[in-house]
Colleague: 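First the structure, then my questions, so here it is.
Only this structure's heavy atoms are used, side chains among them; waters, hydrogens and symmetry mates stay out.
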Amino acid sequence: VQLQASGGGLVQPGGSLRLSCAVSGLAFSRYIIGWFRQAPGKEREFVANIRWNTYYADSVKGRFTISRDTAANTVYLQMNSLKPEDTAVYYCVADASVIVSAYRDPLQYDYWGKGTLVTVSS
């Protein structure tokens, strides 16, 4: 299984970025694919996930949108109105099943890609 995240970079506050996660080695349409992030000195934090439904952290709701392209086996995270507190390494994750009440728990996800750094700064 490979999860290849890309699209990170430096952006000014209020700007936008789109992260991509190219997935291989698993039944893409049946897996939950999502994003976590980790800021310096902080624990990993759930951002969003998608399979039949989408879930978002309260801190990104209304600003971030997760979507999937089944033909391309790719999940996207469109990030708008970025804030300095969005600065983190963003990780793509996957799992075949996640306890609904625990989808924010990083331990629920078996597969992790290498992260991509997002820096929001003027």
Side-chain angles (χ1 to χ4, degrees):
V1 175
Q2 284 196 324
L3 306 172
Q4 184 64 49
S6 61
L10 173 64
V11 63
Q12 292 187 341
S16 298
L17 278 177
R18 188 177 79 157
L19 304 184
S20 300
C21 176
V23 180
S24 61
L26 53 77
F28 180 80
S29 62
R30 284 190 259 164
Y31 271 66
I32 297 165
I33 312 293
W35 294 91
F36 277 75
R37 67 186 182 185
Q38 187 167 22
K42 293 189 175 182
E43 295 184 349
R44 288 190 180 183
E45 174 190 32
F46 171 79
V47 177
N49 73 19
I50 186 169
R51 186 166 59 180
W52 303 302
N53 300 310
T54 57
Y55 294 91
Y56 295 93
D58 288 343
S59 59
V60 308
K61 208 171 289 185
R63 300 187 298 122
F64 290 12
T65 303
I66 190 169
S67 61
R68 63 196 295 163
D69 181 341
T70 302
N73 279 15
T74 300
V75 168
Y76 303 99
L77 185 69
Q78 178 66 43
M79 306 186 295
N80 299 329
S81 303
L82 282 161
K83 305 175 181 180
E85 51 263 43
D86 294 318
T87 295
V89 177
Y90 284 71
Y91 297 91
C92 183
V93 300
D95 203 276
S97 65
V98 172
I99 298 172
V100 173
S101 61
Y103 66 84
R104 296 179 183 89
D105 182 355
L107 296 177
Q108 290 289 312
Y109 299 84
D110 283 342
Y111 302 106
W112 289 72
K114 293 182 182 179
T116 185
L117 176 62
V118 172
T119 303
V120 184
S121 175
S122 55

Colleague: Let me check something: any side-chain donor-acceptor pairs from residues 10-33 under 3.5 Å, sequence neighbours excluded? List them with distances.
Modeller:
{"unit_1": "Ser16", "atom_1": "OG", "unit_2": "Asn80", "atom_2": "OD1", "d": "2.9"}

Colleague: Which residue pairs pass the salt bridge (Lys or Arg N to Asp or Glu O under 4.0 Å) test when at least one of the two sits in residues 40-52, sequence neighbours left out?
Modeller: Arg37-Glu45

Colleague: When you measure from the side chain of Thr87 to the backbone N and O of Val120, does any donor-acceptor pair fall under 3.5 Å?
Modeller: yes

Colleague: Which residue pairs satisfy the ring pair (Phe, Tyr, Trp, His ring centres under 6.0 Å) criterion with at least one member in residues 54-77, sequence neighbours excluded?
Modeller: Tyr55-Tyr103

Colleague: Show me the pairs that pass salt bridge (Lys or Arg N to Asp or Glu O under 4.0 Å) and involve residues 56-76, at least two apart or across chains.
Modeller: Asp58-Lys61, Arg63-Asp86

Colleague: Provide the full list of disulfide bond (SG atoms under 2.5 Å apart) pairs with a residue in residues 46-90, sequence neighbours left out, each pair given once.
Modeller: none

Colleague: Output every pair passing disulfide bond (SG atoms under 2.5 Å apart) with a member in residues 33-63, not counting sequence neighbours, ordered by first then second residue.
Modeller: none

Colleague: Would you say Val60 ends up clustered with Leu82 if hydrophobic residues are merged whenever their side chains have heavy atoms under 4.5 Å apart, either directly or through other cluster members?
Modeller: yes

Colleague: Looking at residues at least two apart in the chain, or sitting in another chain, which of them share a side chain to side chain donor-acceptor pair (under 3.5 Å) with Tyr109?
Modeller: Asn49

Colleague: Given side chains that start at C-beta, do those of Cys92 and Trp112 come closer than 4.5 Å, heavy atoms only?
Modeller: no

Colleague: Let me check something: do Val75 and Tyr90 share a hydrophobic cluster, defined by ILVMFWY side-chain heavy atoms less than 4.5 Å apart, either directly or through other members?
Modeller: yes

Colleague: Report yes or no: do Phe36 and Ile66 belong to one cluster of Ile/Leu/Val/Met/Phe/Trp/Tyr joined by side chain heavy-atom distances under 4.5 Å?
Modeller: no

Colleague: Applying side chain to side chain contact (heavy atoms under 4.5 Å, CB included) to Tyr91 and Leu3, what does each step give before you reach the verdict?
Modeller: CA-CA 9 Å; Tyr91 297 91; Leu3 306 172; over 6 Å; no

Colleague: Is it true that atom CD of Gln78 has more than 12 heavy atoms of other residues, nucleotides or ligands lying nearer than 6.0 Å?
Modeller: yes

Colleague: Enumerate the residue pairs fulfilling salt bridge (Lys or Arg N to Asp or Glu O under 4.0 Å) with a member in residues 101-116, sequence neighbours excluded, ordered by first and then second residue.
Modeller: none

Colleague: Side-chain heavy atoms nearer than 4.5 Å, only ILVMFWY residues, links allowed to pass through others: does that put Leu77 and Ile50 together?
Modeller: yes

Colleague: With a 4.5 Å heavy-atom cut-off, do Gln108 and Asp95 have their side chains touching?
Modeller: no

